[in-house]
Amino acid sequence: MFSSTDYSFMAQALRLAEKGLYSASPNPRVGCVLVRDGQVIGSGWHERAGGHHAEINALSAAGAAVQGATAYLTLEPCSHHGRTPPCAEALIKAGIAKLVIAMEDPNPLVSGRGCASLKAAGIEVQSGLMEAEARALNIGFISRMARKRPWIRMKIAASLDGKTALNNGTSQWITGEAARRDGHRLRARSCAVLTGIGTVLADDPQLTVRHVNTSRQPLRVVVDSRLDIPVDAGLLRGGGELIFTATASEGKILALREVGARVIVLPGENGGVDLAGMMQQLADFEINEVLIEAGFKLNGSLINAGLVDELIIYLAPCLIGDAARGMMKLPELANLADKRALKINDVRMVGTDIRLTCGFS
């Protein structure tokens, strides 16, 4: 169905889309390549929400030469008026002869409609070329559209004996500098970084992207059931942070709002925060990808709630000992048949540490 040339041009479009990895959210990362007579005449990618979409940038680069061209697009062109006009109309008006897409748009406002409008205009449309690669690039956007919650990625740095901190809470640094820099790339691609009050009180983290060039910082989110967070906490500097709590303490909420934080009271069971409701709320805020950087208690609660899609574990070549803190607090099993199955998707060295990427089966 697709030729080697088709694969080559779509691969180029995917590389362009990847340029928006740190900046396109909450929109999807999209790339477009326009080809005529076997030559690229224009290309573009979507950089940020509110800016021109990939198709418009490619059309602008191609100019009048686009008449009769083939468009290679990593995602179905939009067919509705959102922050920008519909790209499907722009492609039709430009006079392309053929459209090849990697995947349909999971947005119910678009899904299938963009391709249908081009077909109705007499334009040949093919879909499914390198779809797996396109889906991986926009895994969070797809999750938000299809499941009404973000893609949730949990990052853990641990020793080879599975420990994340000493019993007194000391955790800096178990892994090496290369692993920490790699972790900042995960932060940069995420819409939000989420932690628990225990980590805030123990480490006073900033949770900002510092080792990667990026035009935006992720939203910083704290799960704090009793509103114990100090108003001078490091991650509250700058304003706009989000705190989920189960405690409607008007005085503390007012104090936090005065330093620029937003507080959402969302009580769940046993005096804690409703974690599933929190993730749905984040989706409502157009959060595509969430990076969890928390302690073993919140890690365990999120896994127990079935809210973690992906584990990224950095294992350092060291041993800390049995008394140290583990990766996650999970209930004791009486039967090995009840163990939680994982799928190892990737294993690689990052500096002197091993990075495991795992999904839940």
Side-chain angles (χ1 to χ4, degrees), residues 7 10-22 24-25 28-29 31 74-75 102-103 106 128-144 146-147 149-164 173-194 209 211-214 218 287-294 296 299-300 302-303 306-318 326-328 330 339-361:
Y7 276 93
M10 185 61 78
Q12 184 175 337
L14 285 164
R15 288 193 295 271
L16 287 167
E18 195 171 2
K19 289 186 175 183
L21 190 66
Y22 302 154
S25 295
R29 297 134 181 167
T74 60
L75 187 71
M103 61 174 288
L129 177 58
M130 304 185 74
E131 181 174 357
E133 292 84 349
R135 293 184 69 87
L137 193 58
N138 284 308
I139 197 166
F141 180 76
I142 294 168
S143 176
R144 179 164 66 88
R147 303 188 300 172
R149 75 163 176 83
W151 181 262
I152 302 168
R153 187 179 286 117
M154 180 177 287
K155 187 199 83 169
I156 298 174
S159 60
L160 278 182
D161 52 349
K163 304 301 180 178
T164 60
W173 299 102
I174 292 175
T175 54
E177 183 179 352
R180 295 197 295 275
R181 288 182 177 274
D182 195 63
H184 277 258
R185 284 191 283 272
L186 294 177
R187 284 185 187 178
R189 71 170 292 166
S190 302
C191 303
V193 179
L194 185 147
V209 179
H211 300 301
V212 176
N213 290 325
T214 178
I287 299 297
N288 292 337
E289 298 181 20
V290 175
L291 180 65
I292 308 297
E293 294 193 36
F296 74 111
N299 284 350
L302 289 164
I303 290 174
L307 293 172
V308 180
D309 298 304
E310 187 176 27
L311 280 175
I312 297 182
I313 303 174
Y314 297 90
L315 290 174
C318 65
M327 295 186 192
M328 55 206 72
L330 297 173
K339 64 183 182 294
R340 298 171 188 268
L342 298 173
K343 179 182 179 183
I344 298 178
N345 296 320
D346 185 73
V347 181
R348 66 183 64 193
M349 295 296 299
V350 179
T352 58
D353 303 312
I354 298 171
R355 189 185 74 189
L356 291 170
T357 302
C358 307
F360 287 82
S361 300

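Just so you know, these numbers use all the heavy atoms, side chains as well, and skip hydrogens, waters and symmetry mates. We're numbering straight along the sequence, starting at 1.
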Q. Side chains of C191 and S25: does their closest heavy-atom pair fall under 4.5 Å?
A. yes

In plain terms, say whether E289 and R189 are close enough for a salt bridge, that is, a side-chain N and a carboxylate O under 4.0 Å apart.
yes

Output for pair (I313 CD1, T164 OG1), nearest 0.5 Å, gives 11.0 Å

Answer yes or no for R144 and W151: cation-pi contact, defined as NZ/CZ to six-membered ring centre under 6.0 Å and angle to ring axis within 45°.
no

Could you check whether any side-chain heavy atom of L315 comes within less than 4.5 Å of a side-chain heavy atom of L356, counting everything from C-beta outward?
yes

Tightest non-hydrogen contact, residues V212 and A188, listed as CG1-CB, 4.1 Å

Correct closest heavy-atom pair for A134 and T74 would be CB-O, 3.7 Å

As a quick check of understanding, evaluate salt bridge (Lys or Arg N to Asp or Glu O under 4.0 Å) for E293 and R187, giving each step before the final call. CA-CA 10 Å; E293 294 193 36; R187 284 185 187 178; 2.7 Å; yes

| With distance as the sole test, does S190 use its side chain to make a donor-acceptor pair with the main-chain N or O of L186 at under 3.5 Å? | yes

Rounding to 0.5 Å, atoms CG (D161) and SG (C318) come to a distance of 7.0 Å

Return yes if some donor-acceptor pair links the side-chain N/O of N299 with the main-chain N/O of M327 below 3.5 Å, else return no.
yes

- Item | Beyond-backbone contact of Y22 with R185, side-chain heavy atoms, under 4.5 angstrom | yes

**Prompt:** Counting N and O atoms only, with roles assigned by atom type, does the side chain of T175 sit under 3.5 Å from a partner on the main chain of A179, one being a donor and the other an acceptor?
**Reply:** no

Between P106 and L75 the two heavy atoms that sit nearest each other are CD-CD1, 4.2 Å

In this structure, CG of L129 is separated from CE of M10 (nearest 0.5 Å) by 4.5 Å

Show your working on salt bridge (Lys or Arg N to Asp or Glu O under 4.0 Å) between R149 and D309 and close with a plain yes or no. CA-CA 11 Å; R149 75 163 176 83; D309 298 304; 3.0 Å; yes

Student check: side-chain heavy atoms of I312 and M154 closer than 4.5 Å: no

Q. Going through the checks in order, is the side-chain hydrogen bond (donor to acceptor under 3.5 Å, both in side chains) test met by Y314 and D182?
A. CA-CA 10 Å; Y314 297 90; D182 195 63; 2.6 Å; yes

CG of L137 to CE of M130, rounded to nearest 0.5 Å, is 11.0 Å

Rounded to the nearest 0.5 Å, the CD1 atom of I303 sits from the CG atom of L330 at a distance of 5.5 Å

Checklist entry - If you measure from the Lys or Arg side-chain nitrogens to the Asp or Glu carboxylate oxygens, is any gap between D346 and R348 under 4.0 Å? => result yes

